[in-house]
Undergrad: 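Questions regarding the structure given below will be posed in turn.
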2 protein chains.
Amino acid sequence: MKPNIKDIARLAGVSPTTVSRVMNNRGYISEKTRKKVNQAMKELNYFPNELARSLYHQRTRFIGLIFPTISNPFFGELVFHIENICASMGYKVLLCNSLDRVDKERSYLEMLQRNQVDGIIVGAHNRHISEYQSIDLPIVAIDRYLSERIPVVASDNFQGGILATRWLIDQGCRHIIHINGPRKLETPANRRRDGYERTIEEHGRIPLTYEIPKSLIYHENVKTVRKIFAERPEVDGIFASDDLLAATVISEAKKCHKPDLKVVGYDGTETVRICLPQLTTIKQPIHEIAETAVQLLVAQKNNEMTDRKKEIILPVELVEGRVQAGPNNIEDS
Amino acid sequence: MKPNIKDIARLAGVSPTTVSRVMNNRGYISEKTRKKVNQAMKELNYFPNELARSLYHQRTRFIGLIFPTISNPFFGELVFHIENICASMGYKVLLCNSLDRVDKERSYLEMLQRNQVDGIIVGAHNRHISEYQSIDLPIVAIDRYLSERIPVVASDNFQGGILATRWLIDQGCRHIIHINGPRKLETPANRRRDGYERTIEEHGRIPLTYEIPKSLIYHENVKTVRKIFAERPEVDGIFASDDLLAATVISEAKKCHKPDLKVVGYDGTETVRICLPQLTTIKQPIHEIAETAVQLLVAQKNNEMTDRKKEIILPVELVEGRVQAGPNNIEDS
DNA sequence: TTTTTTGTGTCAACGGGTTGACATATGAAA
DNA sequence: TTTCATATGTCAACCCGTTGACACAAAAAA
């Protein structure tokens, strides 16, 4: 069996209280005793039971993370940064991939509460989960409205939509289409569409947005892109609401011999920048989003939220694709 | 304050023992009582404290995951699958990004033990962490040797190296170079190199492997690739030890006007398949790796490991890049 | 010498739920 | 009528570490 504090006390020849005092640096302890205790802990390969401590202190330092899927490089990088920041502050991270399924999100939410997490960061996309209102815990949402009470961190989706659309116009595109994920009303990401439509209209044109029926399913993207090419052969510019979708547009465009199609994506993850440096995209400040989310969570914990804004919008940046070498491009391999 | 079992008992007009019996379905309980209790739990928004239960049962259903970084799409997808499988079995996942740093890996290891995880899955890459030998817990390593006792799950790296090299030879390449991550001896991934060198030698040629000094740093990849192009302008085939490296090779090749360079990567993640469908790669069975790792962990927990193999190698597959449309390729955008 | 600081021990309660032992009280079957 | 299955309560111990109260020394400072 695993050793406990009594075993350490016995081996060190002191009382359990003294061991506890050594571990928590409380009261007076002589160097000699401290050494004896540490020695005993090493000898028995002892690790203090954090469960027991958490139980007593009513605080676990667990943070729950609910995201659709860290397979997606945007969420992967975001969660990576969040975990890093949490770790540096002594928090531990419980990872949940909800797959945008209501049932999964619900049961994760219950699980996190049963496990007494100190807070939750949610980046998933289901609505109609009323549970959020009754949770008596610090929560921060990323790019998502959950309830009145819950602060939201998002990139400047509206501005992103504008930048993307303007760039396409500047490139000389005449027929610019926007492709968006399934419409989840009241999701900040829909403001990308607003930015696009506004900009198009400002140029006296008519916006056209295609929606993908189900997200997280690659094939749905392909289907939608093909549909667009079939229905709108005149298209010469596409603003895709995320980089993977943009990548799909590009590869379908190659298949369909549309060398002049211009594409802008959204997210600007490292991974996609490496794989598709030629892609122009709206770069989200992923690290800042992570940092802000954790800060807001901690602020809630310390009841410092009175004056804080409930919605924090971080600036985006258009990153132009690096132009590749001329006509002697690499085809395959 | 959060309600506890006594609050529920009081409200339902029963004893705490009865509440516990309802929650755990033990002994005799009448429908009436069950309803009263459940009603009370709902009313007070009660969630049983899993910490207390875990403390008593000496089992948390926490699984620790230590990986270099889920920013990398391979680890991202792997961890995604692992989390999914764990969740379906009632396990919860504590995520750790070690960044391949010894100090981080050590402190995560300690943290996981303090938090009484039921097992650990390690996919990180540091050696010289002797702690693993003294951990009295089910552990599974992915693509990494940790100690005698610890089973390893890996893709067939050797075969992958062979397939990749053969494909390049079949494509007519005369000067094939291999690029590998920093040499961590006794890591199964080094067998990719063995497969490459063996195959090259079998064809009567001389293998040439370049090593990247530090991994996880994109710029190191670029530097190495440029160095290769400078030192070996005759190169016409490259086997890169992972897809992001292969992507770097491709984009650098474009910059350097090497349209005929053939490249093979390794991993075959969804993300890279979407971003770079033209890339030929060795596809790891990511889902199977995840499943096997979890199974081995559970098997250890149930002491069913006596007969099991200590190293499980899963087959890989060469996935040819989809040839893109002819010369009228998309350059930028 | 007296007072203070330092060092350690004992003890019990606590956090929240679990479980076995045992008592008791119905209602139903034998 | 006896016996048994059903239903619930009380009680204490347990999981493991924390903490406050209090006692008692020994060493250092006043």
Side-chain angles (χ1 to χ4, degrees), chain A residues 1-41 44-62 110-118 136, chain B residues 1-41 44-62 110-118 136:
Chain A
M1 259 300 90
K2 281 180 195 155
N4 61 23
I5 203 172
K6 284 180 199 165
D7 299 317
I8 304 302
R10 206 175 304 127
L11 182 62
V14 298
S15 71
T17 305
T18 300
V19 177
S20 177
R21 286 201 262 246
V22 169
M23 293 197 295
N24 299 290
N25 255 313
R26 301 180 62 257
Y28 298 113
I29 309 118
S30 67
E31 246 343 278
K32 211 183 69 190
T33 307
R34 194 185 294 280
K35 264 186 191 164
K36 272 195 303 182
V37 170
N38 286 324
Q39 174 59 27
M41 298 205 291
L44 296 185
N45 200 26
Y46 170 74
F47 294 90
N49 188 326
E50 207 63 44
L51 259 56
R53 309 179 99 183
S54 293
L55 186 59
Y56 182 87
H57 286 118
Q58 312 256 71
R59 136 189 147 309
T60 55
R61 294 194 154 271
F62 285 140
E110 176 172 344
M111 181 276 277
L112 293 175
Q113 290 184 86
R114 283 171 171 260
N115 285 280
Q116 316 292 311
V117 295
D118 288 349
D136 183 29
Chain B
M1 260 300 90
K2 280 179 195 158
N4 62 23
I5 202 171
K6 283 179 198 165
D7 299 317
I8 304 302
R10 206 176 304 128
L11 183 62
V14 297
S15 71
T17 305
T18 300
V19 177
S20 176
R21 285 200 263 245
V22 169
M23 294 196 297
N24 299 292
N25 256 313
R26 302 179 63 256
Y28 298 114
I29 308 117
S30 67
E31 246 342 280
K32 210 183 68 187
T33 306
R34 194 185 295 278
K35 264 186 192 164
K36 273 195 302 182
V37 170
N38 286 325
Q39 174 60 27
M41 298 205 291
L44 297 185
N45 199 26
Y46 171 74
F47 293 89
N49 188 325
E50 207 64 44
L51 259 55
R53 308 178 105 186
S54 293
L55 186 58
Y56 182 87
H57 286 118
Q58 312 260 70
R59 138 192 145 308
T60 55
R61 293 196 156 270
F62 284 140
E110 176 173 343
M111 181 276 277
L112 294 174
Q113 290 183 85
R114 282 169 172 261
N115 285 281
Q116 316 291 313
V117 295
D118 288 350
D136 183 30

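Residue numbering restarts at 1 for every chain, and letters A, B, ... go by the order of the sequence lines. In this text, all values refer to a predicted model and were calculated from it rather than measured experimentally.
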Undergrad: I need the B:E31 CD to B:R34 CZ distance, nearest 0.5 Å.
TA: 5.5 Å

Undergrad: Which nucleotide wins on minimum distance to the side chain of A:Y28, given the candidates D:dC15, C:dT8, C:dG16?
TA: C:dT8

Undergrad: Provide, to the nearest angstrom, the distance between the CZ atom belonging to B:R59 and the P atom belonging to C:dT18.
TA: 11 Å

Undergrad: A:E31 CD to C:dG7 P: how many Å, rounded?
TA: 9 Å

Undergrad: Do any side-chain nitrogens or oxygens of B:N4 fall under 4.0 Å of OP1 or OP2 in C:dG16?
TA: yes

Undergrad: Can you tell me if A:S15 and A:T18 form a side-chain donor-acceptor pair at under 3.5 Å?
TA: yes

Undergrad: Measure the distance from CD on B:Q58 to C1' on D:dC16 and round it to the nearest whole Å.
TA: 9 Å

Undergrad: Give me the atom names and distance for the closest heavy-atom approach of A:F47 to B:Q116.
TA: O-NE2, 4.4 Å

Undergrad: What string of B, S and - do you get for nucleotides 18-26 of chain D 5' to 3' if you count protein non-hydrogen atoms under 4.0 Å?
TA: BBS------

Undergrad: Rounded to whole Å, please give me the gap between CG in B:L51 and P in C:dG17.
TA: 10 Å

Undergrad: For A:K2 and B:R34, take the nucleotide of DNA chain D holding the closest heavy atom to each; which residue's nucleotide lies nearer the 5' end?
TA: B:R34

Undergrad: According to a strict under-4.0 Å criterion, is B:S30 in side-chain N/O contact with OP1 or OP2 of D:dT8?
TA: yes

Undergrad: Looking only at heavy atoms, what is the nearest atom pair of A:L51 and B:N115, with distance?
TA: CD1-O, 3.7 Å

Undergrad: When you check the phosphate oxygens OP1 and OP2 of D:dC16, does a side-chain N or O of A:Y46 lie under 4.0 Å from one of them?
TA: no

Undergrad: Please check if the number of heavy atoms outside A:K2 that lie under 6.0 Å from its NZ is greater than 12.
TA: yes

Undergrad: Does any N or O in the side chain of B:N38 come within less than 3.5 Å of the main-chain N or O of B:K35, such that one atom is a donor and the other an acceptor?
TA: no

Undergrad: Report yes if at least one side-chain N or O of B:T18 is closer than 4.0 Å to OP1 or OP2 of D:dG9; otherwise report no.
TA: yes

Undergrad: Between A:I5 and A:P16, what is the shortest heavy-atom contact and its length?
TA: CD1-O, 3.8 Å

Undergrad: Below 4.0 angstrom from OP1 or OP2 of D:dC16, is there any side-chain N or O of B:Q116?
TA: no

Undergrad: Could I get a table of every N or O pair under 3.5 Å where one atom is in the protein and the other is in nucleotides 27-30 of chain C?
TA:
none

Undergrad: To the nearest 0.5 Å, how far apart are CZ in A:R26 and OG in A:S20?
TA: 7.0 Å

